[in-house]
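Model, not experiment: these values are computed from the prediction. Below, all heavy atoms of this structure are taken into account, side chains as well, without hydrogens, waters or symmetry copies.
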Amino acid sequence: MMPVFTMGCVWRAGALLLVSLAPLSLEAQSTETLAAPVQSASLPKWQIDAGGKMEFASSSIRKDVSGKLKTPNFPLSADDGLPPHDGTFSADFPLMVYIQFAYKLWLTPEETRILYANLPKWVVSDPYEIHAQAAVKPTKDQMRLMMQSLLAERFGLKVHFENRQLPVFVLTMIKPGKLGPRLRPHTNICDAFVAAKNGPGVFPPPCLDQALMTIPRPNRVKLTGTRNTTVAMIATYLPSIGELDRPVVDATGLPGRYDFSLEFTPESSLPEPSGPDAESDSQATTLYDALARQLGLQLRPAKAPRDVLVVDHVEWPTEN
């Protein structure tokens, strides 16, 4: 079976656009009501590091009515893996996908639902074929900045950030300083010998850095992981791969970069118990069990401040 790469740009219905992992405080954990939104003047760190405002040298946009699936020339994912090979951008998606790419968003299903429920339906349903060319070879984050400029110019997209107190899961270590067997400090060594020697902790086998890979296994089990990533980014992945209903905030305090793999059965794939004496599938490893046994991590519900990207205006694009 061929591996499935998590793209981070699945066509899902709606939600809040959460773009930064704000540090969790003890006060945030005990907050029971949502604070009034406060407009934020700060930008995400990745956007500042990428260099600020950038534009494509040329671009074309047209609505695609062919109904045919067209593969982008690189994944429009929220991770840093599989970056563009050159300055070319080519994709065919609804506007919602381009927004998530441009602002480096990895949304939970509930976040997606909330945002796009208040936007025109065509933002979610109508694919637009975009071809653009940068004057230089940009990084993936710089390509995002160019897409922000294109969306503002051609779709009239206007956005702002708000800081809100929201439900989250807090990711912490079960035992401070003790990593699980499948969470390892990153090394540049990755080959068949190392994989055979160290077992499933070396994943994915092709040694694709910073690109999340998911492989379906027998009995509804999901195997997922990546190399050369941060624990903060693992926290970002978890709502999507674990089908969680809220974002995850990294509070492990673990610095540096890691390789990890996680093998578990998603809750939606667990068989439903039937009958008065029915018991759950005790053989299945849940996400929470896998986090504890394989990574040495755990999730706790809390509330924390989050920067939220709000869409103020959007319109049908000018085509060319």
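Exactly one residue among L151, I61, L157 makes a side-chain contact (heavy atoms from CB on, under 4.5 Å) with Y98. That residue is L151. The only member of D259, T229, T230 that meets side-chain hydrogen bond (donor to acceptor under 3.5 Å, both in side chains) when paired with H186 is D259.
The shortest heavy-atom contact between L179 and P185 is CD1-CD, 4.0 Å. Across S149 and M54, no two heavy atoms sit closer than the pair OG-O, 2.6 Å.
In this structure, R182 forms no cation-pi arrangement with F260, as its terminal cationic atom is not both closer than 6.0 Å to the ring centre and no more than 45° off the ring axis.
Side chains of R62 and N320: no donor on one and acceptor on the other come within 3.5 Å. Judged purely by distance below 3.5 Å, without hydrogens or angles, the side chains of K70 and S90 never pair a donor atom with an acceptor atom. Residues D250 and T252 have side chains that bring a donor and an acceptor to within less than 3.5 angstrom of each other. Using modelled atom types, one finds no donor on one side chain facing an acceptor on the other under 3.5 Å when comparing T265 with R220.
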Practice prompt. May I have the step-by-step check of side-chain hydrogen bond (donor to acceptor under 3.5 Å, both in side chains) for D141 and T139, ending in yes or no?
Written response: CA-CA 5 Å; D141 282 350; T139 66; 5.6 Å; no
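One hydrophobic cluster, built from ILVMFWY side chains closer than 4.5 Å, cannot hold both M147 and V136; they sit in different ones. Hydrophobic clustering (side-chain heavy atoms under 4.5 Å, transitive across Ile, Leu, Val, Met, Phe, Trp, Tyr) keeps V123 apart from V65. L244 and V221 are not part of a single hydrophobic cluster, where members link through side-chain heavy atoms under 4.5 Å apart.
Applying the ring-ring contact (aromatic ring centres under 6.0 Å, His included) test to F155 and every residue at least two apart in sequence or in another chain returns Y128.
Within the structure, ring-ring contact (aromatic ring centres under 6.0 Å, His included) pairs that include any residue of residues 233-255 comprise W106-Y237 (at least two apart or interchain). Identified under the side chain to side chain donor-acceptor pair (under 3.5 Å) test for residues 288-299, with sequence neighbours left out: T172-Q298, T286-D289.
Between the side chain of K178 and the main chain of M173, no donor-acceptor pair closer than 3.5 Å is present.
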